[in-house]
Amino acid sequence: MTDPIGPSTSTIPNPSPTTLLHPRREPFEHGLLPMQKLIFTDPLQALTSLKQKLVSSSIQRVDSAALADALQISLDHARLVLDTLASVLHSESDPLVTSRFDDVDSVGADLLDLILFLYIQSYKRLLPRLHKDAAAVADVWPSTSAFDGYLSALSPLQLVRCNTRRFLPSQVDEEAHQLSYLQKHLANILSLLSEPVEGEGEESLVISMEGFEHLGFLIQFEDKGSDGDFLSQAAPIFANSDPDMPAVPVPASQVLGWLLQNIASSLEHVTEKNPAKENGPPSGSDQDVVKASPSVRSPCFIEGVSKSSYVKQASDLKNSSLKVINCHDSVIYILAPLRYATIYGCSDATIVLGAVGKAVRVEHCERVHVIIAAKRVCIANCRECVFFLGVNHRPLIVGDNHKLQVAPYNTYYSRLEEHMTEVGIEATINRWDDTLELGMIDPHNSLSHPAGVSDAQAESATRLDPDHFTKFLIPNWLEGESTGSTKDNPFPLTDPCLTSQQKNQNNLGEIKQILREAPLEENLKRELSCALHVYFRDWLYASGNIRQLYCLQSD
């Protein structure tokens with residue numbers, strides 16, 4: 001068995017009081033795959049063996065075939081691992097990130113990045129705190145599945161009742177949880193990044209500056225007001241290296257000791273800034289709450305929007321990540337380029353996401369229409385939702401889902417193609433109906449992974465009936481003075497959807513012509529016009545769309 005390294009007892013440079021260590025959220029939020037073969041009882045021993053096997057084969061970048069053989073998984077699952085790793089890598093210049101969709105296999109993943117990605121598959125998410133009066137909400141969520149009760153950590157209707165994100169893990173709680181995970185596993189992680197040298201005891205493993213930089217997959221240092229590009233720039237361990245000479249490897253135990261000091265300081269800082277939620281005042285109900293983080297590193301939140309419409313454009317969002325949480329009976333437009341997006345706990349809503357270049361996760365939603373242009377999308381634990389997708393990679397479906405439908409992307413706004421180009425989405429590739437289903441049980445969530453229960457494949461999505469496919473129109477006035485060149489949906493439609501869309505347009509044209517040419521006297525035409533307006537107004541009120549008109553006109 002491989003033993004982890006221990007911290008050095010030698011003198012370690014003190015961490016700067018103005019430097020904080022943060023976990024990178026992206027691998028923990030968008031990089032975990034519910035695949036049992038990626039989770040090891042002893043990850044250090046298993047991944048050390050895997051690393052040695054691949055190194056002995058002179059493999060520095062791992063393609064799908066080599067990964068499938070090493071882990072005994074299918075080629076589809078190996079490709080999913082590489083695609084997911086590409087979506088959460090820290091280096092934008094890595095060939096896996098910059099490669100085109102068809103070149104991923106030939107490019108492959110860096111061996112050390114892959115090892116770190118596989119290691120964190122053992123991570124357990126921080127569970128949301130259930131409503132204090134759990135019995136009061138137990139009967140509002142339908143139990144139509146034998147897995148109900150432990151597969152969904154928190155149902156949409158429970159979120160409706162508590163109506164505040166204070167019962168979900170806060171960003172501060174999640175950061176503290178991730179820091180604690182890193183603190184516990186850092187010795188193993190550094191062992192996997194280190195190389196042996198001739199010597200005795202703790203100094204027999206050293207880590208190079210290049211190996212140290214791979215830690216950027218999991219952590220980042222942030223000076224007050226700025227983000228560093230390279231970890232080694234923030235590490236005094238490598239600060240005295242001659243810039244004209246290769247950096248001298250450092251004993252892994254010394255790196256471990258220095259990092260543990262930083263993690264302890266960061267945990268103390270996180271704990272100090274975490275408000276006491278139990279005794280704090282509750283959030284306002286039925287209010288839209290938008291929170292922009294002071295750091296570009298953290299996401300912007302849109303939460304608690306209820307019975308309303310909400311619009312955000314590129315000029316409104318300074319963060320590259322967005323979370324839409326606990327929104328109900330509303331229409332939300334995000335007309336902006338993003339890197340990551342999460343939609344969590346929403347119901348009876350329509351949500352439009354402009355262009356997301358890395359990954360979208362939609363979780364615990366019910367009766368939501370989601371319109372997404374993105375590279376990747378993961379759908380988890382959703383019910384009776386319809387997804388209108390423009391996606392370059394196969395949509396991933398995991399968890400306890402029921403009655404999901406997928407359809408081609410169905411809208412546009414004037415700057416859509418500009419935003420897609422900015423984040424690297426290709427309109428010529430749309431794999432909206434090529435879904436990939438994994439298991440119902442999430443091994444990263446202890447609540448949904450009870451002992452002794454076997455897993456089953458997640459319920460797949462069905463194609464939306466083309467006769468029900470309609471174009472979704474985004475009002476022109478939402479964009480204000482910001483205009484672009486997009487005049488129509490950039491993603492090609494299937495022939496059945498095109499036929500249905502043309503049929504609807506023809507039917508509308510025929511009705512208009514019939515009304516214009518109807519042989520009626522002027523007073524009867526006026527009565528007919530009034531009757532149509534009355535029926536339309538009644539429909540606006542009955543459907544709730546009247547709120548959208550008032551909300552958008554008041555913006």
Side-chain angles (χ1 to χ4, degrees), residues 1-16 19 21 40 42-62 66-67 70 85 89-91 94 108-120 122 181-221 228-264:
M1 178 176 174
T2 304
D3 294 324
I5 59 177
S8 172
T9 56
S10 59
T11 303
I12 303 170
N14 290 326
S16 167
T19 300
L21 182 151
F40 309 102
D42 184 344
L44 178 59
Q45 184 178 36
L47 293 175
T48 298
S49 299
L50 177 64
K51 177 184 173 183
Q52 292 171 348
K53 175 182 178 181
L54 294 173
V55 169
S56 65
S57 304
S58 299
I59 294 177
Q60 292 302 316
R61 298 197 71 87
V62 186
L67 184 61
L85 173 59
L89 269 177
H90 58 300
S91 174
D94 188 279
D110 180 274
L111 175 57
L112 293 182
D113 288 335
L114 177 62
I115 292 295
L116 294 184
F117 176 82
L118 293 175
Y119 190 95
I120 66 165
S122 65
Y181 172 85
L182 293 173
Q183 186 179 49
K184 178 180 178 180
H185 292 273
L186 190 58
N188 288 350
I189 290 169
L190 287 178
S191 293
L192 292 168
L193 295 177
S194 301
E195 297 296 336
V197 294
E198 295 294 331
E200 298 290 337
E202 67 177 20
E203 304 301 324
S204 63
L205 286 177
V206 296
I207 186 167
S208 65
M209 181 183 289
E210 180 183 359
F212 184 77
E213 291 294 349
H214 282 279
L215 281 174
F217 178 69
L218 296 175
I219 62 176
Q220 56 191 352
F221 286 97
D229 293 329
F230 298 99
L231 286 184
S232 56
Q233 294 176 354
I237 295 172
F238 294 102
N240 295 324
S241 299
D242 186 342
D244 297 325
M245 298 291 292
V248 177
V250 175
S253 56
Q254 185 177 348
V255 177
L256 175 62
W258 183 78
L259 285 172
L260 287 177
Q261 284 186 2
N262 275 271
I263 289 177

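None of the values given here were measured: they were computed from a predicted structure. Each residue takes its place number in the sequence, starting with 1.
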Excluding sequence neighbours, so at least two apart, what forms side chain to side chain contact (heavy atoms under 4.5 Å, CB included) with Ser49?
none
Can you tell me how far the CD1 atom of Ile207 sits from the NE2 atom of His214, to the nearest 0.5 Å?
9.5 Å
Could I get the full list of side chain to side chain donor-acceptor pair (under 3.5 Å) partners for Asp110, not counting sequence neighbours?
none
Return the set of residues passing side chain to side chain donor-acceptor pair (under 3.5 Å) with Tyr119 (not counting sequence neighbours), or none when no residue passes.
His185, Asn188
Could you check whether the rings of Phe217 and His90 sit parallel, tilted or perpendicular, using 30° and 60° as the cut-offs?
perpendicular
Between atom CD of Gln52 and atom CG of Leu47, what is the distance when rounded to the nearest 0.5 Å?
11.0 Å
By salt bridge (Lys or Arg N to Asp or Glu O under 4.0 Å), Glu210 pairs with (sequence neighbours left out) none
What heavy-atom pair brings Leu67 and Val62 nearest, and what distance separates the two atoms?
N-CG1, 3.8 Å
Identify the heavy atoms of Asp113 and Leu85 that sit nearest to each other, and give their distance.
O-CD1, 4.1 Å
For Ser122, which residues count as a side chain to side chain donor-acceptor pair (under 3.5 Å) partner, sequence neighbours excluded?
Tyr181
How long is the gap from CD1 on Ile189 to CG on Leu182, to the nearest 0.5 Å?
5.5 Å
Can you confirm whether Leu190 sits close enough to Leu215 that some side-chain heavy atom of one is under 4.5 Å from a side-chain heavy atom of the other?
yes
Restricting to non-hydrogen atoms, name the atom on Leu112 and the atom on Leu192 that form the minimum distance, rounded to 0.1 Å.
CD2-O, 3.9 Å
Side chains of Leu118 and Lys51 in contact at under 4.5 Å (non-hydrogen atoms)
no
From Ile115 atom CD1 to Leu50 atom CG, the distance as rounded to the nearest 0.5 Å:
4.5 Å
Identify the heavy atoms of Ala109 and Leu114 that sit nearest to each other, and give their distance.
CB-CB, 4.4 Å
Minimum heavy-atom separation for Leu44 to Ser191, with atom names?
CD1-CB, 4.0 Å
